[in-house]
Structure formats: C-alpha cells, structure tokens
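These notes are about the structure you will find just below.
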Amino acid sequence: MTAKIITIERHILEQQQFFPEATGEFTYLLYDIALAAKIISHEVSKAGLVEILGSAGEVNVQGEQVMKLDVFANETFIRMNDHAGRLCAMASEEAADIIPIPERFPCGKYVLIFDPLDGSANIDMNVSVGTIFSIHRKVSAGQRGALEDFLQPGYKQAAAGYIIYGSSTMMVYTTGQGVHGFTLDPTVGEFLLSHPNIRIPPRGKYYSINEGNYHYWSEGVRCYVDYLKASDKATGRPYSGRYIGTLVADFHRNLLAGGIFMYPADTRDARKPHGKLRLLYEAAPLAFIAEQAGGRASDGTQDIMQIQPESLHQRVPLFIGSREDVDKTEQFIRQSG
Ligand code: FDP
C-alpha cells in the first residue's frame with residue numbers, strides 16, 4: 001500500500017478548520033512563505049557553483065548580476081509577501097527598521113518577521129543554513145503596521161517556523177496545533193508531509209554550544225556544561241557534543257533526537273550582556289516550536305515566550321530543547337548564577 005501524500009498546501013488548508021473564524025488570509029500567507037522557501041532552496045543548492053557561475057557582485061554566465069545569498073533570501077521573502085494584502089508590515093534581520101508594505105499594495109492583518117539566512121557564515125563551506133519566521137496579528141490602530149505590532153511577546157505568535165537547507169530542504173511550522181515537518185521533493189517542487197506532529201524527547205543526548213566561549217560564560221552555565229560531560233549511567237551522561245554553528249540546524253537535530261542548544265550571555269563583553277541571538281526572529285519562533293513539540297526555551301531565568309520585547313533586534317541568551325534539559329540548566333543558573 002502506498003502512503004498518503006500530503007502537500008504543505010493541503011495540510012495548511014486542513015489546519016484552517018481548527019480556526020472557525022479563519023478567512024483564508026493566513027493560509028495563503030503560509031503558502032507564500034513556502035513558495036519563497038522553494039525559491040531560496042533552489043538558489044542555496046547552487047552555492048557551491050560560485051567559482052563556476054560567478055561570485056557576489058559579479059555578472060554570471062547568464063549575464064545576470066549575482067547577489068549575495070543572504071541578500072537574495074531577504075529580497076525573495078519581501079517580494080513574495082509584500083503585495084498580496086495579507087501583511088501590514090515586515091521586519092528582517094537584514095533591515096534596521098520595519099519594512100512597510102508599499103502604498104500601491106493593500107494591507108492585511110498580520111506582520112511577518114524573519115531571519116532570511118540563518119547561519120550565513122556557513123554558506124561558503126557547504127554546511128546547512130536556514131530561514132526562520134514568525135507571524136503576529138496586527139495590534140496597532142492605524143491601517144499600516146507599526147513597531148508595536150512586532151514588539152509582542154512570543155506567546156502571542158499566530159505561527160512560527162523555519163526552513164532548513166540541508167541534505168534535503170525541510171520546512172517545519174506550527175500554528176499552535178502541534179509541529180509539522182515537510183520535506184521538499186525537488187522532482188515535483190512540493191513540500192510533502194514527512195514529520196507529522198513532531199515531539200521532542202523529554203530528555204536529550206546531545207548538547208550544542210560554542211565551547212570556545214567557555215571562559216566567558218557565567219559560573220552556572222560552566223557548571224551545567226561540566227555536568228553534561230561527567231559520566232553517569234543513570235542520567236545518560238556524558239551527553240554528546242554537536243555544534244554546527246547554524247541555529248536552525250542545531251535546533252532541528254535536537255528537536256528530532258532530543259537535546260539542548262545553548263547560546264548564553266557573554267560575561268566578558270559589557271556591550272553584549274544579552275547573548276548573541278535575536279529574540280524576535282530567532283529565539284521566540286523556535287521557542288514556539290519547542291513548546292508545541294513538548295520542549296521548552298528559556299533565557300536562563302524565564303521562558304522566552306513570556307519576554308516582552310523592547311526593540312526589533314534585541315538579543316537574548318537562549319537555552320532551548322528537551323524540557324528536562326532546559327529545566328536543569330535553569331536549576332544550575334539559579335544555584336550559581
Ligand atoms: P550566523 O552568525 O552565522 O548567522 O544567527 C546567528 C548565528 O549564525 C546562528 O545561526 C548560530 O547558531 C550562531 O550565530 C553561531 O555563532 P558562533 O559563531 O558565535 O558560535
């Protein structure tokens with residue numbers, strides 16, 4: 001018997017039934033994101049051909065101007081989402097301020113914030129990269145979106161997801177009805193449901209952290225990582241270290257296999273006491289996914305989903321993954337700071 005094939009379009013449409021007040025606007029927004037993902041995936045798959053086809057800033061063999069991949073991913077996301085009347089504004093890791101919907105296009109009732117190419121330092125080495133997105137409902141009074149629409153805590157997200165451009169391209173998303181993963185079949189150009197209702201194991205076997213920064217972490221984080229490395233059969237230690245350096249890829253592996261990703265605050269540099277990763281388009285959307293899969297995300301002392309954002313590009317320490325592992329980190333931080 002052949003398995004039932006469910007495309008992402010069909011799945012999104014079926015999910016719509018859980019929201020009786022839905023107009024379809026949101027459903028189409030997710031379609032547009034999936035389409036942008038396919039276009040970016042195609043471009044990422046050619047990244048290794050830079051030497052042959054021309055590098056960023058040059059004119060390639062087809063006579064086209066070659067764009068840097070992060071610029072391409074950013075422009076693709078904007079282009080696919082600015083004209084359909086579903087959004088009232090966008091924001092991106094690549095832009096300092098919010099991105100208005102051009103006056104000539106209608107405005108909708110959602111805002112979209114995204115990191116178009118997460119892990120971009122890895123792209124030239126042919127290592128997995130990703131895209132992260134988060135959708136909020138418009139809360140501001142005017143017709144066009146405003147900053148306050150973006151500065152909403154994570155628990156208010158309408159949807160969140162990521163795309164990983166790895167050995168296959170996958171899109172994983174949640175609308176608050178579980179977490180579902182789709183693998184892109186490049187032969188037909190469709191995302192097909194491959195990982196329905198993903199659940200993260202309550203405790204993991206992997207820890208992911210840039211250990212080169214060990215001496216810059218707080219005492220509590222250092223003690224916790226030492227604890228993970230200490231042998232104890234009863235608690236399944238030592239954990240295995242896995243660090244790709246692309247948040248999406250590290251998170252994705254731990255989501256499926258169980259484990260914790262950490263990017264703590266750097267205690268050495270007073271200019272970045274809040275860690276490296278961004279609250280609104282890295283930590284909060286992945287926190288929504290982690291929670292929907294049965295996991296957790298914390299900044300070490302409180303749930304990421306509860307943090308009231310103060311600015312668009314705000315940074316935050318991040319501990320995310322299997323529930324018991326995140327609980328344990330907090331315990332160490334409570335004890336030793
Ligand atoms: P990158 O700077 O390459 O875009 O988003 C920031 C990020 O990658 C994450 O994807 C990744 O987890 C982290 O930074 C890697 O930072 P370090 O190089 O400091 O470990």
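Values below: all heavy atoms of this structure, side chains included; hydrogens, waters and symmetry mates excluded. Every number for a ligand or one of its atoms is a count from 1 in the order of the listing.
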For [X], the ligand 1 atoms whose distance to one of its heavy atoms is below 4.0 Å:
X	result
Leu277	5 (O), 6 (C)
Asp118	5 (O), 9 (C), 10 (O)
Asn210	17 (P), 19 (O), 20 (O)

Spell out, as yes or no, whether a donor-acceptor pair under 3.5 Å connects the side chain of Gln152 to the backbone of Arg137. yes
Return yes when atom [atom1] of [X] has more than 12 non-hydrogen atoms of other residues, nucleotides or ligands closer than 6.0 Å, and no otherwise.
X	atom1	result
Asp97	CG	no
Tyr243	OH	yes
Tyr227	OH	yes

Options Ala121, Ala249, Gly119, ranked by nearest heavy atom to atom 4 (O) of ligand 1, top entry: Gly119
I need the single residue from Leu30, Asp115, Asn81 that forms a side chain to side chain contact (heavy atoms under 4.5 Å, CB included) with Phe133. Which is it? Leu30
Spatial distance of atom OH (Tyr162) from atom CD (Glu282) [nearest 0.5 Å]: 14.0 Å
Identify the protein heavy atom lying closest to atom 18 (O) of ligand 1, giving its residue, its atom name and the separation to 0.1 Å. Lys276 NZ, 3.9 Å
When only distance counts, is Asn213 in polar contact with ligand 1, meaning an N/O pair under 3.5 Å? no
At under 4.0 Å between heavy atoms, is it the side chain or the backbone of Arg278 that contacts ligand 1, or both, or neither?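 No part of Arg278 comes within reach of ligand 1.
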Region of Val248 engaging ligand 1 - heavy atom pairs below 4.0 Å: neither
